[in-house]
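Structure, as structure tokens:
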Amino acid sequence: MGIKTKAIFFPLFLTISALLFSQQKTNTSLFEKEIKKKSVQFNTEPNFYKAQSFYLAKEWDSTLVYAMRQLSVSINNEELKNYCHFFRGFSFKQKKLFREAEKEFATVSKTFEFYDRIKMTLGAIALEQSEFKKAIQYFKEVEHLNIYELYGIKKSTIIHSLGICYLHLKEFDIAEPYLLKSLKLQEEQKDTLELIGSYGNIASLYYEQYKDQQAIPYFEKAYRLSKTTTDYKSKQNTARNMAVVEENRKNFPLSLTYRKEYEKWKDSLNDQNKIWEVAELEKQFAVKQKQKEVQVLQAENKIKIAERNGFLYSAIVLLVVLAAGVYFYREKVKSNKIITAQKEDLDALNATKDQLFSILSHDLRSSIIALKYSNRLLSDELAPKNLDTVNSLLDQNSTMVNSLYNLLDNLLHWALSQTQKSYFEITSLRLFTIIEQVVYNYLPLMKEKNITFNNKVLKSDMIQADQESLKLVLRNLLDNAIKFSNSDGNIIVYTQSIDERYCDLVVEDTGVGMEESTRLELLKDSVLLAKKEHEDIIGTGLGLQLCKTMIKKNRGKFSIESMLGKGTKMIVSLPKTPPNA
């Protein structure tokens with residue numbers, strides 16, 4: 001019943017462009033020295049000199065331009081061509097243009113003295129594109145190289161990259177020795193960020209195999225070590241991992257503490273990014289200011305010329321004024337459109353808020369009055385010890401309290417979804433197990449109405465969805481099925497496959513059903529809440545509206561099939577997990 005949530009881990013070595021080629025301080029210039037030697041050797045080729053200079057300065061666009069210029073010159077030197085293609089391939093890789101990078105590397109001769117470095121780069125490209133088997137082939141070819149042959153790339157990084165590949169392929173027995181070996185090397189090098197990533201990856205390795213006792217100490221090590229860094233991303237990832245661990249251990253207060261810490265670091269990271277964005281904007285503004293200064297000087301020269309030609313000057317001034325008028329008019333029209341759209345959105349939100357408060361105040365008041373009346377009857381029946389009536393009243397109270405709890409739970413999730421503060425991550429889930437977990441809490445309600453329940457979902461059905469939002473959808477659909485089912489009814493949950501991309505989950509009941517007009521109304525994509533058709537059943541329509549919102553957020557589809565008096569089918573279509581995922 002209690003399937004464990006998978007650990008959410010962030011293998012820092014997966015971002016190869018940042019870490020695979022991070023060089024040791026003692027060897028930082030080793031590769032650069034070799035490149036500079038070539039610039040001296042080919043000092044008669046100015047384009048090559050500029051290409052290698054921009055490459056070392058990490059100015060990739062300029063590197064591409066001058067390397068291409070060098071290649072366009074008629075040359076017969078094979079080594080010079082290899083260097084130019086290497087510069088272009090690496091520049092394309094840094095710009096995330098992986099296919100172009102692979103094309104450039106394919107033209108480099110295998111006799112090129114840095115061909116092993118090309119293999120490492122191709123491995124990095126494959127890893128960034130989640131082509132793990134392809135990446136393994138490249139990394140295996142350079143695994144045997146010594147430190148000098150790696151030209152500053154850490155041996156531990158190559159080993160760790162192999163471990164990451166096998167981890168993603170779920171070949172845990174092969175991944176484990178690689179990850180442990182790389183961890184030992186990194187502990188000797190005392191690189192804090194790499195150690196945090198390694199601890200997290202090893203923890204995830206064990207957590208994926210449900211070896212919690214081995215995994216949790218590594219999660220804790222990563223978390224403690226992140227406290228010594230100023231890297232917000234590491235702090236954020238390790239705090240979130242600890243939140244998941246404590247949540248799985250049912251230590252919800254501590255999990256909440258870690259979750260709050262994760263949100264704090266997330267906000268800090270966003271603030272840092274904003275600072276960088278502001279700095280970039282300031283830089284752009286300074287450039288524009290310089291451009292404006294140049295334009296002003298040019299304008300002054302034009303005015304001096306225009307003084308000798310009054311007619312031309314007048315025409316220029318008139319055109320400038322006209323252009324400015326058109327520009328400001330267009331800006332005003334654009335601003336008015338934005339303001340109008342914002343007003344319409346605000347009106348719609350206010351209408352939704354007013355309707356929500358109206359429905360909630362009515363249903364909460366009605367339910368509480370019913371509870372007060374039932375409790376008074378219960379008190380009256382306790383005096384003569386009329387136990388049968390007491391039991392009946394207690395059952396009624398339990399039903400009303402459960403409905404109120406579901407109403408408040410839906411209200412909370414609706415508020416979180418409206419404020420964009422709910423935690424959400426799509427992963428691969430086994431549908432049968434999720435349904436078993438959700439149904440367990442509803443068995444007493446179904447027993448009370450003598451409803452027969454049958455879970456016919458195949459254990460092999462795998463879908464892509466956020467676990468908590470999927471549970472919320474299932475709870476609301478089961479709650480509705482129970483509410484609108486008659487005594488001695490049936491509820492069946494099963495899957496069907498009409499579209500090969502989606503898995504259709506069907507919640508079918510033999511209850512009161514609904515008219516066609518009601519079915520079509522419920523399927524409308526509107527911010528307004530659905531209306532109730534059965535006034536004797538507690539409900540606001542908020543649950544179904546929330547279901548549609550969460551299904552859409554999970555990239556799924558929702559449909560209803562129903563006939564009045566013959567039951568209802570609620571159909572949720574969710575993306576299937578790819579076979580090789």
Side-chain angles (χ1 to χ4, degrees), residues 1-8 170 172 204 207-212 244 247-250 406 409 413 423-447 449 451-483 485 489-511 543-544 546-548 550-561 567-581:
M1 293 300 299
I3 186 168
K4 176 172 60 181
T5 305
K6 289 290 185 185
I8 308 196
K170 297 192 181 303
F172 304 120
S204 299
Y207 217 61
E208 286 273 329
Q209 302 174 76
Y210 301 102
K211 298 178 180 179
D212 294 14
V244 173
E247 183 179 354
N248 290 338
R249 293 202 287 192
K250 308 301 182 185
N406 287 337
D409 186 54
H413 284 90
Y423 174 71
F424 191 89
E425 181 177 15
I426 292 180
T427 57
S428 181
L429 302 173
R430 194 174 298 279
L431 198 52
F432 176 85
T433 307
I434 299 295
I435 291 170
E436 287 291 302
Q437 293 176 9
V438 174
V439 167
Y440 180 78
N441 295 323
Y442 287 89
L443 293 177
L445 292 177
M446 289 189 278
K447 184 178 180 182
K449 296 182 72 171
I451 294 173
T452 302
F453 176 79
N454 196 354
N455 182 4
K456 291 187 177 182
V457 175
L458 298 177
K459 293 184 178 180
S460 59
D461 286 337
M462 300 289 291
I463 52 101
Q464 294 284 331
D466 171 67
Q467 180 171 274
E468 293 308 315
S469 63
L470 177 59
K471 287 182 178 179
L472 176 66
V473 171
L474 290 173
R475 285 199 297 270
N476 277 285
L477 295 184
L478 283 172
D479 188 59
N480 281 342
I482 294 170
K483 281 182 185 178
S485 289
N490 293 310
I491 297 176
I492 306 173
V493 181
Y494 59 92
T495 54
Q496 59 188 21
S497 183
I498 298 175
D499 188 331
E500 63 180 13
R501 298 171 300 169
Y502 291 91
C503 177
D504 295 343
L505 174 64
V506 184
V507 180
E508 181 178 355
D509 64 69
T510 57
L544 192 58
L546 192 58
C547 285
K548 290 190 287 184
M550 291 303 177
I551 291 169
K552 186 176 181 180
K553 196 172 181 181
N554 278 286
R555 300 176 298 192
K557 297 179 287 187
F558 178 66
S559 60
I560 302 174
E561 296 178 7
T568 302
K569 293 181 182 179
M570 297 287 188
I571 305 171
V572 180
S573 302
L574 294 168
K576 293 180 180 178
T577 298
N580 297 325

State the [atom1]-[atom2] distance between [X] and [Y], to the nearest 0.5 angstrom.
{"X": "Arg430", "Y": "Gln467", "atom1": "CZ", "atom2": "CD", "value": "13.0 Å"}
{"X": "Met462", "Y": "Leu574", "atom1": "CE", "atom2": "CG", "value": "13.0 Å"}
{"X": "Ile491", "Y": "Asn454", "atom1": "CD1", "atom2": "CG", "value": "11.0 Å"}
{"X": "Ile451", "Y": "Leu445", "atom1": "CD1", "atom2": "CG", "value": "8.5 Å"}
{"X": "Thr510", "Y": "Asn490", "atom1": "OG1", "atom2": "CG", "value": "5.0 Å"}

For the side chain of [X] and the backbone of [Y], is there at least one donor-acceptor N/O pair under 3.5 Å apart?
{"X": "Ser573", "Y": "Cys503", "result": "no"}
{"X": "Asp466", "Y": "Glu425", "result": "yes"}
{"X": "Tyr442", "Y": "Asp479", "result": "no"}
{"X": "Lys548", "Y": "Phe558", "result": "no"}

Nearest heavy-atom neighbours spanning Ile482 and Met446: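 Heavy atoms only, the tightest pair is CD1-CG, 3.6 Å.
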Side chain to side chain contact (heavy atoms under 4.5 Å, CB included), paired with Leu431, selected from Leu470, Val493, Leu458: Leu470
[X] vs [Y] side-chain heavy atoms within contact, under 4.5 Å:
{"X": "Ser497", "Y": "Lys576", "value": "yes"}
{"X": "Asn554", "Y": "Ile426", "value": "yes"}
{"X": "Asp212", "Y": "Tyr207", "value": "yes"}
{"X": "Ile435", "Y": "Leu505", "value": "yes"}

Residue pairs fulfilling salt bridge (charged side-chain N to carboxylate O under 4.0 Å, His left out) with at least one residue in residues 493-502, sequence neighbours excluded: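 Non-adjacent pairs meeting salt bridge (charged side-chain N to carboxylate O under 4.0 Å, His left out): Asp499-Arg501.
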Sequence-distant partners of Ser485, side-chain hydrogen bond (donor to acceptor under 3.5 Å, both in side chains), two or more places apart: none
